[in-house]
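Quick notes on the structure that follows.
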There are 2 protein chains.
Amino acid sequence: MEMEKFQGYTYVDGGVCAAKGYQANGLNCGLNSDPEKNDLALLVSDTECNAAAVYTTNKVKGAPIIVTKNHLAATGGKAKAVIANSKNANTCNADGEEKAQKMTELAAKVLGIDANDVIVASTGVIGQILPIEPIETHIDALAKGLSYDGNAKAVNAIMTTDTVPKEVAVTFMLGGKECTLGGMAKGSGMIHPNMATTLNFITSDVAISTELMQKALSDVTKITYNCLSIDGDTSTNDMVCVMANGLAGNEEVTAENTDYETFKQALYIVMMNLTKMLAKDGEGATKLIECTVEKAKDLDTAIIVAKSVIRSPLFKCAIFGEDANWGRVLCAIGYAEAEFDINKVDVDLASVKGVLPVCRNGAGVAFSEEFASEVLSADEIMVNVSLNAGDVTAKAWGCDLTYDYVKINGDYRS
Amino acid sequence: MEMEKFQGYTYVDGGVCAAKGYQANGLNCGLNSDPEKNDLALLVSDTECNAAAVYTTNKVKGAPIIVTKNHLAATGGKAKAVIANSKNANTCNADGEEKAQKMTELAAKVLGIDANDVIVASTGVIGQILPIEPIETHIDALAKGLSYDGNAKAVNAIMTTDTVPKEVAVTFMLGGKECTLGGMAKGSGMIHPNMATTLNFITSDVAISTELMQKALSDVTKITYNCLSIDGDTSTNDMVCVMANGLAGNEEVTAENTDYETFKQALYIVMMNLTKMLAKDGEGATKLIECTVEKAKDLDTAIIVAKSVIRSPLFKCAIFGEDANWGRVLCAIGYAEAEFDINKVDVDLASVKGVLPVCRNGAGVAFSEEFASEVLSADEIMVNVSLNAGDVTAKAWGCDLTYDYVKINGDYRS
């Protein structure tokens with residue numbers, strides 16, 4: 001996936017370890033029967049961080065979500081470490097909160113910090129008791145292996161059905177200081193975010209207040225992760241957390257000034273790219289679908305319409321089949337719960353192979369099936385919708401629906 | 001599929017021709033390149049009918065929907081005939097309304113009635129110009145072939161990706177007279193109704209006012225078709241119409257009395273069974289999923305939760321894989337947009353093979369995987385959810401998500 005360039009921001013390697021002062025590690029503690037696949041991650045900042053988070057709105061909330069919320073409330077938005085596991089979501093278990101709390105205590109003890117300074121996250125099968133012993137017996141090794149370039153081991157540990165690790169980091173200048181913000185995310189099913197998406201950890205060395213970080217996170221989540229749908233299922237364990245330790249040495253951002261906008265844009269670049277990576281690596285996906293809705297009367301309308309298109313199972317199947325069945329796009333636009341005039345809607349399908357106008361003023365336009373096949377043969381498909389009712393644009397991201405999605409999810413537990 | 005028995009109602013053959021005074025026919029006029037598959041249907045009552053209808057809420061509305069609405073408005077809820085075609089939805093075409101109107105005029109002319117007395121419906125690909133010539137050249141043959149047992153030919157003509165025809169009819173007594181109500185429906189994709197579902201025609205010989213028939217239709221649609229989801233895509237051409245010609249000779253039902261309830265129950269029995277048939281024959285489906293939500297505080301809550309479960313792609317895949325992944329049920333209950341206490345929720349999975357409790361008070365209960373596999377090996381799976389918050393029950397119906405759904409929809413237009 002080629003990443004869009006943004007002036008003033010440079011992509012760098014390192015993921016959650018790209019910013020100053022963050023160590024990470026990951027290993028296999030035995031939750032996953034494949035010894036080559038990590039299942040336990042630890043991420044630690046050299047100094048205390050301001051921390052902000054957004055969580056799933058699913059009424060069924062993983063126990064780690066509850067514990068993390070409690071900890072951030074207790075510290076007033078401070079944190080120093082994250083412990084996370086895959087293979088077991090620790091959700092819908094009677095002893096879930098106890099186990100999640102225990103995970104933070106194990107991490108706190110080995111790091112010599114307070115358990116309230118530890119964020120905890122789990123992902124995997126819902127409703128299976130989480131065995132704490134494997135974590136207990138591997139916590140020392142996990143801490144010993146921490147390093148300033150351990151991001152690859154950590155991201156491997158949070159992957160579930162992901163086929164590739166997802167990491168993005170950028171550097172940028174803020175108040176004359178070089179700053180860095182980087183993140184890692186896991187996919188790749190049960191993704192239809194509401195407030196957050198799957199598991200996502202972002203670290204920065206910027207100095208910024210918890211309040212402003214929370215505001216930036218909520219605003220950016222709305223136009224990135226919340227505009228992603230793999231399958232329409234909102235996970236029980238979605239969580240995005242951002243930590244900032246201030247080691248870049250910039251003057252702390254405490255007002256919505258230019259520095260705040262610079263930070264927020266860095267957050268957008270990282271989260272938008274992670275969103276696209278998640279979409280492209282959606283369970284069973286062969287193609288990324290990006291829907292851009294422009295000329296909407298407001299942001300909510302643009303978002304609702306864009307999400308409706310990328311969520312449509314019929315359209316997702318058509319893209320898998322490389323069939324320019326644009327009627328399904330218009331159908332999905334039509335049932336989007338927003339107010340606009342369907343008779344003003346224009347739609348183009350596009351890719352690196354070309355642009356194919358398929359609909360003007362709500363009605364079809366003739367096109368060459370041969371050229372349509374050419375356009376849809378690419379592995380990143382753009383659906384460009386114009387509502388011709390205003391000047392607001394939003395994007396949403398998804399993927400095609402394939403045999404492999406069914407295969408992966410027909411026997412996930414086994 | 002074994003049909004549930006209801007006291008006082010007897011299932012009979014005949015579909016839309018079961019009630020007195022209805023003739024039907026269907027033939028291949030060439031819209032469908034397979035000469036063995038009908039694509040054009042005509043349904044006529046011997047006498048004028050009261051008629052009621054519900055339509056899709058999709059902003060993109062098939063041209064036939066607009067013309068039918070206009071006709072029923074012009075006649076004040078009267079109709080005598082229905083003309084319907086498959087293979088082309090006549091939707092998103094600049095000349096759509098003109099063509100739909102022309103279809104009613106062709107039917108009216110050959111039947112010697114007013115075009116406003118004709119209901120028109122189309123189903124198939126969206127956004128392709130409907131050729132009127134094949135209909136024009138076959139309308140005489142279509143009318144000549146009308147018969148009081150032509151229901152099978154008519155239902156064949158409205159089928160698209162359906163693998164079996166869907167017809168249900170019942171007889172019942174009303175004011176000392178034997179009455180009949182029957183219907184036909186088509187599936188089997190782009191089904192996530194809002195106000196109606198796909199194409200559905202119901203005929204009766206009961207005498208009942210248009211107003212009460214409309215009320216009964218709206219009430220029954222809410223708990224039958226609107227509780228069906230095959231794939232989450234709300235069609236542009238959904239329409240259910242009910243016609244009643246009064247030939248049974250009962251005293252006209254004009255108040256919400258016992259007779260009204262008897263009629264409404266007949267409508268429920270026919271529409272509920274058609275709903276289950278549609279779910280079972282959903283595109284690519286191997287299993288019917290019926291979710292019953294009981295002990296809800298109100299009907300809307302019960303319906304919203306039931307629909308959330310049967311819509312979940314992840315749960316649908318798990319049922320295809322016969323995997324008792326009940327965490328996905330609880331996840332879908334959790335993101336349903338309704339108010340209830342997730343910690344009071346109980347869930348059982350069930351089939352003719354047995355009942356498997358999987359969740360009590362929002363937490364998992366241990367179960368035998370062997371017995372779970374046995375229960376899920378059946379081809380009709382029940383998900384029984386108790387919210388433990390009231391005394392209202394609702395059901396929703398869906399199907400598993402399979403390789404064949406992807407295959408069918410990856411190359412539908414071709």
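Values reported hereafter were calculated over all heavy atoms of this structure, with side chains retained and with hydrogens, waters and symmetry mates removed. Order of the sequence lines fixes the chain letters, A, B, ..., with proteins taken first and strands second; residue numbering starts at 1 for each chain.
Judged by distance alone, with hydrogens and angles left aside, the side-chain atoms of A/Asn409 form no donor-acceptor pair with the main-chain N or O of B/Ala318 at under 3.5 Å.
Of the two parts of A/Ala366, neither the backbone nor the side chain holds a non-hydrogen atom closer than 4.5 Å to a non-hydrogen atom of chain B. Contact annotation for B/Phe320: only side-chain heavy atoms (C-beta onward) come within less than 4.5 Å of a heavy atom of chain A. For a residue to count as touching a neighbouring chain, one of its non-hydrogen atoms must lie under 4.5 Å from one of that chain's; by this rule B/Leu330 touches chain A with backbone and side chain alike.
By the 4.5 Å heavy-atom criterion applied to side chains, A/Thr236 and B/Tyr335 are not counted as neighbours.
Scanning residues 59-67 of chain B against chain A with a 4.5 Å non-hydrogen threshold yields B/Lys59, B/Val60, sorted by number. Residues of residues 89-99 of chain A having a heavy atom under 4.5 Å from any heavy atom of chain B, listed by number: A/Cys92, A/Ala94.
A/Tyr405 and B/Leu401 make their closest contact through CE2-CD2, 4.1 Å (heavy atoms, listed as atom of the first residue, atom of the second, distance). Nearest heavy-atom pair, A/Cys331 versus B/Ile126, reported as atom, atom and distance to 0.1 Å: CB-CD1, 4.1 Å.
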Kindly list each side-chain donor-acceptor pair under 3.5 angstrom involving residues 307-317 of chain B, sequence neighbours excluded, with atom names and distances?
unit_1, atom_1, unit_2, atom_2, d
B/Lys307, NZ, B/Asn226, O, 2.5
B/Ser308, OG, B/Ala332, O, 2.7
B/Arg311, NH1, B/His192, NE2, 3.2
B/Arg311, NH2, B/Gly232, O, 3.4
B/Ser312, OG, A/Asp233, OD1, 3.0
B/Ser312, OG, A/Asp233, OD2, 3.2
B/Ser312, OG, B/Leu314, N, 3.4
B/Ser312, OG, B/Phe315, N, 3.1
B/Lys316, NZ, B/Ile230, O, 2.8
B/Lys316, NZ, B/Cys399, O, 2.9

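With chain B as partner, the option from A/Gly334, A/Gly321, A/Gly127, A/Cys359 having the largest number of non-hydrogen pairs under 4.5 angstrom is A/Gly334. Note on A/Ile342, A/Thr234, A/Val345, A/Val365: by heavy-atom pairs under 4.5 Å with chain B, the leading option is A/Thr234. Ranked by heavy-atom pairs under 4.5 Å with chain A, the first of B/Ile333, B/Ile319, B/Asn361, B/Asp231 is B/Asp231.
Residues passing the salt bridge (Lys or Arg N to Asp or Glu O under 4.0 Å) test with A/Lys295: none are found, sequence neighbours excluded.
Between B/Glu337 atom CD and A/Thr57 atom OG1 the span is 8.0 Å, to the nearest 0.5 Å.
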